[in-house]
J.: 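Quick one: this structure, given as structure tokens, is what I'll be asking you about.
Below, read A as the first sequence line, B as the second, and so on, with proteins coming before strands; counting in each chain starts at 1.
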Amino acid sequence: MSKLQPARGTRDIYGEDARNMTAVVDTFRRVAGTYGFEELATPIFEFTEVYKRPLGEASDIVSKEMYTFEDRGGEEVTLRPEFTAGVCRAFISNGMQQKLPCRLMSHGPAFRYERPQKGRYRQFHQINAELLGQDSPEADIDMIAMAWRLLKDLGLGDKVMLHLNTLGDKESRADYRAALVAYFEGHKEKLSEDSLRRLESNPLRILDSKDESDKEVVANAPKLSEHLNDASSAFFETVKKGLEAVGVPYNHDERLVRGMDYYCHTAFEFVTTELGAQGTVLGGGRYDGLIEQLGGPAVAGVGWAGGIERLAMLSEAGGEPARPVVIMPMGEAGTMKGLEVAETLRGEGFVVTADRSGNMKKRMNRADKANAAFAVIIGDNEVEQGVVTLKRLDSGEQSEVAFADLATAIKTN
RNA sequence: GCGGGUAUAGCUCAGUUGGUUAGAGCACCAGAUUGUGAUUCUGGGGGCCGCCGGUUCAAAUCCGGUUACUCGCCCCA
């Protein structure tokens with residue numbers, strides 16, 4: 001057992017995992033591209049202020065979830081825990097409000113100092129899409145439709161379910177929050193210890209508590225849908241109608257909430273039951289107050305982020321790598337000719353590697369393990385005659401082929 | 001930060017009521033075949049039994065601690 005391990009909550013990604021994750025990102029790029037999104041790569045760390053300001057000093061998030069450091073120049077910096085704040089900062093920094101709307105896609109690592117679990121790492125990877133500068137419900141529909149198309153393209157149409165809710169506008173939210181707190185205050189004796197704390201810090205979170213006694217209390221709690229003002233319910237109705245129009249199945253989940261108060265209207269999550277407690281595979285919503293809170297103009301925003309590891313685990317979209325052609329030169333002349341032949345074949349689009357060490361048996365053995373389709377043997381005999389010995393590894397049959405005919409012979413075999 | 005489970009070879013795992021040189025399969029290396037693989041046969045390398053301490057004549061095995069992994073809780077921007 002080696003003592004050299006990656007740091008807690010981090011891991012090396014290679015082989016099948018790497019292929020699956022790459023496939024998720026490739027699919028994301030292609031799909032988001034068809035919705036007019038362009039790439040924005042922000043730094044993976046920012047001044048701590050960028051992440052801290054929208055959250056409020058005292059929250060658990062700031063105090064125990066962020067990777068925060070003081071750098072050598074004495075600056076407080078934080079490894080990005082999510083994409084949205086950094087994207088909004090980039091939007092402000094680069095004056096992007098000059099050409100609204102902005103459709104921005106990003107992907108890469110993010111960091112949270114948490115206890116690792118299945119599908120939850122300290123360094124994890126996300127795909128992220130933000131649509132800035134559209135405050136109409138149709139923008140929300142576009143975003144959800146795009147997420148749904150991505151999930152379907154990843155083969156997850158049957159494995160995930162869309163949970164949808166509205167948080168209403170500022171006024172509706174404040175109204176509801178007050179009603180909710182009043183209700184829970186009257187049922188304190190039945191609430192769990194955790195929820196009593198939440199009553200102070202984040203009452204909406206009591207709604208998705210996993211405690212059985214809490215669930216009983218929640219069942220009769222006032223509903224947000226009963227506290228929506230006209231504008232808010234009209235907004236939500238449009239979103240629902242739009243989803244039906246574009247064929248995205250959804251489930252109105254009144255317990256789906258967001259804690260931070262820059263969120264408004266649409267909140268959604270695509271959830272699977274196949275990943276234990278970490279069922280959310282992609283989630284997002286509308287955050288019209290965020291950019292202003294960061295010190296920018298009043299620009300509306302709606303976006304989502306998806307966990308690449310979780311999506312990759314479910315979809316296994318990576319497939320197998322292309323089968324290589326392995327060059328096996330024998331002798332000096334063969335080695336030189338082998339270099340030349342390899343380059344020619346690569347130019348034709350083949351995956352070509354060379355195995356120049358060991359006896360023929362070893363080389364064949366390695367070629368077999370590499371899942372090679374062909375072995376190309378080039379010895380002194382072959383060089384003299386201007387041919388190679390081409391062996392098809394699946395059948396074991398082999399024949400001599402002129403240099404000039406090699407690419408064609410491989411293609412047609 | 002809090003609770004449960006697990007820790008034996010590169011991987012997956014056996015290992016009896018504590019008992020003498022700790023096993024298997026797969027993988028790896030070599031040979032049978034010095035220019036022909038995947039099948040077969042023969043042989044081989046590899047383990048401080050996570051770590052530290054305790055009980056005992058004796059610990060992979062029992063006890064305590066610790067670390068890592070894992071499942072859940074908190075949190076989830």
J.: With a 3.5 Å limit on both atom pairs, tell me what rG1(B) is paired to, counting Watson-Crick and G-U wobble, or say none.
T.: rC73(B)
J.: Would you indicate what R198(A) reaches in the nucleic acid, counting non-hydrogen atoms under 4.0 angstrom: base, sugar-phosphate, or nothing?
T.: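 Touches sugar-phosphate only.
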J.: To the nearest 0.5 angstrom, please state how far the CE atom of M146(A) sits from the CH2 atom of W304(A).
T.: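 The distance works out to 4.5 Å.
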J.: Tell me what Y287(A) touches on the nucleic acid: a base, only sugar-phosphate, or nothing, going by heavy atoms under 4.0 Å.
T.: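 Answer is nothing: Y287(A) stays at 4.0 Å or more from every strand.
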J.: Applying the Watson-Crick and G-U wobble criteria at under 3.5 Å, what pairs with rC26(B)? Answer none if nothing qualifies.
T.: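 With both distances under 3.5 Å, rC26(B) matches rG10(B).
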J.: Do NZ/NE/NH1/NH2 and the carboxylate oxygens of D394(A) and R323(A) come within less than 4.0 Å?
T.: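 A salt bridge is present here (some side-chain N lies under 4.0 Å from a carboxylate O).
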J.: Rounding to an integer number of Å, can you tell me how far N202(A) CG sits from rA77(B) P?
T.: 9 Å
J.: May I ask you to say what M66(A) touches in the nucleic acid, namely base, sugar-phosphate or nothing, with a heavy-atom cut-off under 4.0 Å?
T.: base
J.: Determine which nucleotide pairs with rG53(B), using a 3.5 Å limit on both distances of a Watson-Crick or G-U wobble pair.
T.: rC63(B)
J.: Look at the side chain of Y183(A) and the backbone N and O of V217(A), then say whether any donor-acceptor pair between them is shorter than 3.5 Å.
T.: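 Yes; at least one donor-acceptor contact below 3.5 Å.
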J.: Assign G396(A) to base, sugar-phosphate, or nothing according to its heavy-atom contacts below 4.0 angstrom with the strands shown.
T.: base
J.: Taking any heavy-atom pair under 4.0 Å as a contact, classify Q126(A): base, sugar-phosphate, or nothing.
T.: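 It contacts nothing in the nucleic acid.
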J.: Write down the distance between CZ (F268(A)) and P (rA77(B)), rounded to a whole number of angstrom.
T.: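 Going from CZ in F268(A) over to P in rA77(B) covers 13 Å.
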J.: Starting from the C-alpha separation in whole Å, work towards a yes-or-no answer on side chain to side chain donor-acceptor pair (under 3.5 Å) for S225(A) and E254(A).
T.: CA-CA 8 Å; S225(A) 52; E254(A) 295 236 29; 2.7 Å; yes
J.: NA contact type, T389(A), heavy-atom cut-off 4.0 Å: base, sugar-phosphate, or nothing?
T.: base
J.: With a 4.0 Å cut-off on heavy atoms, is Y51(A) in touch with a base, just the backbone sugar-phosphate, or nothing at all?
T.: nothing
J.: Give the intermediate values and the outcome of salt bridge (charged side-chain N to carboxylate O under 4.0 Å, His left out) for residues K170(A) and D288(A).
T.: CA-CA 10 Å; K170(A) 221 174 192 176; D288(A) 289 349; over 6 Å; no
J.: Going by number, which of residues 361-371 of chain A have a non-hydrogen atom under 4.0 Å from RNA chain B?
T.: K361(A), K362(A), M364(A), N365(A), D368(A), K369(A)
J.: Taking atom types as they are modelled, is there a donor-acceptor pair under 3.5 Å from the base of rG1(B) to the side chain of E65(A)?
T.: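 Looking at the base of rG1(B), it does not pair with any donor or acceptor on the side chain of E65(A) (distance under 3.5 Å).
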J.: Indicate, with a heavy-atom threshold strictly under 4.0 Å, whether N381(A) touches base, sugar-phosphate, or nothing.
T.: base
J.: According to the Watson-Crick and G-U wobble definitions, with both distances under 3.5 Å, which nucleotide is paired to rG18(B)?
T.: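 Across all strands, not a single nucleotide pairs with rG18(B).
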J.: What is the base-pairing partner of rG46(B), counting Watson-Crick and G-U wobble geometry with both distances under 3.5 Å?
T.: none
J.: Hey, is the main chain of V239(A) close enough, under 3.5 Å, to the side chain of D140(A) for a donor-acceptor pair?
T.: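 Looks like no, no N/O pair under 3.5 Å.
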J.: Output the single nucleotide from rA77(B), rA68(B), rC74(B) whose closest atom is nearest the side chain of R8(A).
T.: rA68(B)
J.: With no hydrogens and no angle check, is any side-chain donor or acceptor of R120(A) less than 3.5 Å from a backbone partner on G9(A)?
T.: no
J.: Write down the partner of rA38(B) under the Watson-Crick or G-U wobble criteria, each distance required to be under 3.5 Å.
T.: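 The answer is none; no pair meets the criterion.
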J.: Give P54(A) one of three labels, base, sugar-phosphate or nothing, depending on what nucleic acid heavy atoms sit under 4.0 Å from its own.
T.: nothing
J.: Give the nucleotide from the list rG1(B), rA77(B), rG37(B) with an atom nearest to the side chain of K391(A).
T.: rG37(B)
J.: Using a cut-off of strictly less than 4.0 Å, decide whether R205(A) has a side-chain nitrogen or oxygen near OP1 or OP2 of rA77(B).
T.: yes
